[in-house]
Structure formats: C-alpha cells, structure tokens
Amino acid sequence: MIRKLLVANRGEIARRVFATCRALGVATVAVHSDADADAPYVAEADEAVRLPGNTPVETYLRIDLILDAARRTGADAVHPGYGFLAEHAGFAAAVTDAGLTWVGPSAGAIAAMGDKIAAKELLAGAGVPMLPTWTEADAVTDFPVLVKASAGGGGRGMRIVRDPADLPAAVDSARREAAAAFGDGTVFVERYVERGRHVEVQIFGDTHGTVVALGERDCSIQRRHQKIVEEAPAVLPDGVRERLHAAAVAAGRAVDYVGAGTVEFLLAPTGEFFFLEMNTRLQVEHPVTEAVTGLDLVRLQLLVAEGGALPVPATPPADGHAIEVRLCAEDPTQGFRPATGTLHRFAVPGVAGAFTPTRGLRLDSGVVTGSTVGVHYDSMLAKLVAWAPTRAEAARSLAGALARAELHGVATNRDLLVRVLRSAEFGAAQVDTGFLDAHAEVFAPLLPADRLPVAALAAALAGAAARRADAPVLAGLPSGWRNVPAVPQSVRYATATGDEIEVRYRLDRSGALADWSTGPTVAGPTADIPDAPPLVELVTAEPDRVLLDVAGVRRVFRVHRAGSAVFVDGPDGAAELTELPRFPLPRAALAVGSLLAPLPGTVTRVHVGAGQRVAAGDLLLTLEAMKLEHPVLAPTDGVVADLPVPAGGQVETGAVLAVVNPEEAPR
C-alpha cells in the first residue's frame, strides 16, 4: 500500500490530492518553485522540497529533481496531477524504474495517446469515429480547419483557420506556442465542425482488465479553446450517450488503459461525434463527475495504482446535475489577458466543502487571501462547482455565489462566468464551442456604468468613516459638516478602465447626506455618468459597510480598502477604484505613440525594425506570458520610432515595448 505520496504538481490539484490522502492516512510531499514557496499547497503538505528557480523548465519539468525529492523524503509513490509532466511517458517510466508506484496509466499508454496523430490512427482501427486530418498544411483540402498541437492540450497551439491564405501563419504561430508550452512544436490540421459541442467521457481502468465509463461532461463553452464552464451529465440526444460511452471504453481497451482518463469527442449538430484526443490523466473538470456519481476519483486512482480492482463494474447513474466554472486571473478590460497581482481578499459565500465530493457548493482553489498571482504559471485561480437536483438549480446557485464573491486585487473573468450561467441560451442548453463568439452580450460587466457613481459614493463615505475611526477625537462630531456648505467634500478615483470619476458630497449638521454629485475629471469619453444622480439618503456609513437608500430602495455596499485601492461589492456588481491623491506628483511624460506591456512577460519575437513604416493592425512584436502568446499590434498607421526591448528581453507591466509615430493626416 502507498504510505507517502509525492505530488509532482502545484496549486489546486496538489491541494486536491492532499485532501484525499489525509482522509486515507497517506503522508504527503510537495515540491515547489521559489515563487510557490508560500503557496497554500506547500503549507498543507507534510513535507516539501524546493525546486530552485521559477520557470517550469527549471522546476516542475525537472524529472531528476522530482525523483531526488522522492528519494530524500522517502516517498514511495508519485502522483503527476495534471499539466507539466502528467502526460510525459518518460516521466512515468522513470518513476517506475526508480521503484516507485506511479499513480497513472502505463508509460506505453501515455506514449500511444500523447502523439495525437498516431493516436488517431490507432483508435480509428478500434472503430472510434474520426475527423479528416492532415499532417501537412499544403495537403489541406477542406476549410474551415483547426490547427492543433500534437503533444499537448489546454487550448495551447490551437488556431481556427477559415481562409486558406491564413493557414501558413497560423501553423507557424501554433508551432511556437506548442513548443513553448509542451517542448514539442509538432502540429496537425483537422476539419473544424461549426457549432460543434465538446463532450468528453470519464473512463477508468484497473490492472485486472476492467475499463468502465463513469459518465460524460459537456465542456463546450470555451475561450481561446480553453474550457471555462463544464457540466455533468451532458444534455444529449437520445441514443448518443450509450454510443459515446462505448467508443470511449473501446479507446481505453485499445491501449490497456489503467487509471483515470478522459476521451474527448466533438459532437456535431447532426448527432454524429468524432474523436478529438485522449487525456491520460485526471482532468481539471473531474469534480462535476464526482458530484453526480459520489465517487472520489483520486481515491480510485490510488486504489488502482496499488493493484486493487475497480469497485465500479459499470457506468453509475448520474444523480442530479453539477456545473463547474474556472475562475481565472484575467483582465476583461484588456481582452481577457492573464492578470497578475496580490489577492487582497478571496472569499466565496455558501461553500459547503472543498477538494472532495460535495453536495451543494464546492471550492477547489490554489489561492487564498494574500496569495500572489505571478507570471510563471497558468492563470486559473480556482474552480467553483455547484451540485443540485436539477440543472437550472445548479446554474442559479453557482451564478449567485460567484456574483456575491469578494475577489479583490486581481482582475478575473467572474462577470463573464455569471452572465454565461444566467443567459437564456445556457439555461436552454443551447451551447457549442462558438458560444462566446455568438453572444457578445455576456462580456458586459455585471455593474452597469450608470450604477458606478453610487458605488463610488459608497467608497467615499466608507473612506470618511475609516478616517474618523482613526481619529477618535472627531467621533462625537457630525461627519463631513462644514462652516462653508458651498464647498463639498471631494474624492477622485481611477476606474478599472482607466477613466477618472470625482465624487462630490456634502453632509448637514445631523450627518445626513445633503447633496451629492459625480462627474468625470478628464476630458474625452469616460464611463456613462448620469447627468442627474439618483436621490440617495445615507442610512449608515462604516469603514467596511455603507447602507444607502437609493430612490427608495435600501442597498448594502461592502467596502474593502487595500492601500489606495478600494473594492466595493454591491447588489449590482463589484467595482474596483483607486483613490487618487489630492495633489499628484508630476510624472515623466511618455513619448507619443508608446505601446506599453499589459503584463509582465518575455518578448519572444520582434517582427519589425526601427524606421519601418507600418499600418494599423500590423504585428510589431510577440509577448509571451502565462504560457500564452500576446500579439502587440500597431494602433495606427505610422513609423516605428523605437523598439527598446529586443527578442528574449523580459519586461514588467507598463514597460515601453515600442513607439509608433502616428502618420499625420493629409491637409
């Protein structure tokens, strides 16, 4: 039996495996980079070993260092989690050769499915339906197509191509991204199915020849080919479920599969389905399967790795419905680029459990309040899962918890997830992989622009209450009252979109709100601020809670301050404001046409030269951060005046990447 387990991964999957180990009495070992030294998963392990460095290549991809950590701690088994080395056949073989128990499928099965091109050929022989596939770009005969990485997943290295002229550039870009993410730039091309659904089957095998399907999941709602909403069971046409399960089991048996695996399919509107790939590991979305089956999949992984028989002889019936969302550090105001920073508060209400099968709300997170989100790893912060007797109840519960969550300090995709869950189309199960492209309305923030002034007023009143609390001598005097009532209190804030808003308010001698107004403080377009603010009465104002009567309706605003940042959570949504100084210090002016780094990263390629004439939209350089490529485009026609960062150079947020002198319009 396994006594001590080393998890060769990080974040929430490490915490997930540790939770089951604690319940089973198995000791745990964590490995960590320098950046992860204070991460929650490290603190929760019984022992931890440092992997010097920060990048994955220096740390979590070092097989020699991980095996040395197992030797030094006396671990007798290794769990790969998902990502990094989870689907590395060489790692599985090295663990086994070292005399350790490998918690996963055999190296042979990983190798067979790890090469997606070879996997398609193998499983086609087993009767699993396939899409037309090409390994050479010039052989493609049918558009649209999807360029895919052969050695990895997670949406990296994927490009949809509709115009044959765009295929060479898409292949080159996909190769670079795949090489950076997986160390292998091999790509292939397959036919793209419009309005297809991504449906996958959870399979499990043991060393006694049993392979079973544990149900399916719908993972169709994706952004940049990465899943963000997953659910179980999938809503399927009659007869499709049984055929899907049979095809998935056939795929598992074709490679003598042992352990947890996922067979992914593309379901066409016609009801036909086609094999996409097989992931030889536990999936990020496994909690929804656990919720509807009641099974602890990590426990089953350990049981099978010890040589035990799988205690599930057939597909269990689904009980209720479960939906999972991936909460990611992404900035909606910057095209959902990965975001970094410190989580000043991370709190989700109503959570019933974490990391193991749970009815109700389950939170599996890699972060806690105070965690730092850096640039080295994936942007996913947590997974929030809701189980309920029906799909509609699960969606409502999940959306409500997300909307009320306090997520302060790092921009997230929370508002997008809430709008998806509350959309009529999602409620009717009208989903496909193009859902987000077809529903631009779900990208709108939860807080309407015309409600921002009241949130800013709450921030200002809470700030005044906090300052009074820090000056007890003023506690007995009416707040904000002045001898010269014509001069109101004034506070300026910067919004998340870069606009500025000024809140002006005046309190009377009793402390009541006599009048208030807001307005932009900079010229040009800003957030839609109403000319006539609503009638507001101040009920109570405390440093962390403000109760306002807005046009006859009482509204509670929770206010949290971290330095100059002010976070306001209200009934309409959340606002992040930055209080600006009354007398700002002068700053060095940037050159006209400066393009700034949206987040820390590495300039991987520079596509133009100084003095070169460019057109609006031309690719200037490529920035790589958090495992993704971010193109930097010319904002206007002009001439490249400066390229201060060479290829290979690392930059921080706000660094000047390029300067493009705008081309003057003819007179």
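Only heavy atoms go into these numbers, but all of them, side chains included; no hydrogens, no water, no symmetry mates.
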Does the pair [X]/[Y] count as a salt bridge with the N-to-O cut at 4.0 Å?
X: Glu441; Y: Arg419; value: no
X: Glu277; Y: Lys116; value: yes
X: Glu231; Y: Arg217; value: no
X: Arg359; Y: Asp319; value: yes
X: Lys383; Y: Glu230; value: no

Listed partners of Tyr257 passing side-chain hydrogen bond (donor to acceptor under 3.5 Å, both in side chains), at least two apart =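 In terms of side-chain hydrogen bond (donor to acceptor under 3.5 Å, both in side chains), with neighbours along the sequence ignored, Tyr257 is linked to no residue.
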
List in chain and number order the residues that pass salt bridge (charged side-chain N to carboxylate O under 4.0 Å, His left out) with Arg223, two or more places apart in sequence or in another chain; answer none if no residue qualifies.
->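 Once residues adjacent in sequence are excluded, the partners of Arg223 under the salt bridge (charged side-chain N to carboxylate O under 4.0 Å, His left out) criterion are Glu330.
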
For the residue pair Tyr60 and Phe84, does the interplanar ring angle fall in the parallel (under 30°), tilted (30 to 60°) or perpendicular (over 60°) class?
-> parallel

Of all the heavy-atom pairs spanning Ala268 and Phe274, show the shortest one and how long it is.
->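 Closest approach of Ala268 to Phe274, heavy atoms only: CB-CE1, 4.4 Å.
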
Looking at Leu398 and Ile323, what are the two nearest heavy atoms and their distance?
-> CD2-O, 3.5 Å

Any donor and acceptor pair, going by atom type alone, linking the side chain of Glu264 with main-chain N or O of Met278 inside 3.5 Å?
-> no

Tell me, with the steps shown, if Arg16 and His286 meet side-chain hydrogen bond (donor to acceptor under 3.5 Å, both in side chains).
-> CA-CA 11 Å; Arg16 165 69 188 94; His286 76 273; 3.2 Å; yes

Axial cation check for Phe435 ring with Arg197, 6.0 Å and 45° limits |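 No - Arg197 does not lie over the ring of Phe435 by the 6.0 Å and 45° rule.
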
Apply side-chain contact (heavy atoms from CB on, under 4.5 Å) to Ile13 and Tyr41, showing your working.
-> CA-CA 9 Å; Ile13 183 54; Tyr41 81 94; over 6 Å; no

Heavy-atom side-chain proximity of Phe265 to Leu244 below 4.5 angstrom | yes

Any side-chain heavy-atom pair of Leu123 and Met130 under 4.5 Å | yes

Indicate, with yes or no, if the rings of Phe336 and Phe443 have centres closer together than 6.0 Å.
->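 So the answer is yes for these two rings.
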
